[in-house]
Amino acid sequence: MKTKRKYFYLDDFEHRLLVGCLMAARNEYIHEDKPIEDVNELILKIIDAPSKKLRVIVKEDA
């Protein structure tokens, strides 16, 4: 069975914010002695995700 993939398009600010939030969650897990393997995997996926340039076309009504 094929797994479904979801794609997110983030600008630079959103990408940094997401990584920062995950790092904060990871630090809380470390402080509470909870396992952090899943959070680490997710952080690495987001950091290593390829970037894709998108073309945005704005149409103005006449």
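Just so it is clear, the model here is predicted, and its values are computed rather than measured.
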Main-chain N/O of D11 paired with E14 side-chain donor or acceptor, under 3.5 Å
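Yes, because the side chain of E14 sits within donor-acceptor range (under 3.5 Å) of the backbone of D11.
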
Non-hydrogen atoms of H15 and I47 that approach each other most closely
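Minimum heavy-atom contact is NE2-CA, 4.4 Å.
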
Specify the closest pair of heavy atoms between V39 and L22, including all atoms of both residues, with the distance to one decimal.
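Distance-wise, the nearest heavy atoms are CG1-O, 3.8 Å.
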
Nearest 0.5 Å, what's the CZ-CD distance between R26 and E37?
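One finds 10.0 Å between CZ of R26 and CD of E37.
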
side-chain contact (heavy atoms from CB on, under 4.5 Å) with I46: which of I43, D48, L42?
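The passing option is L42.
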
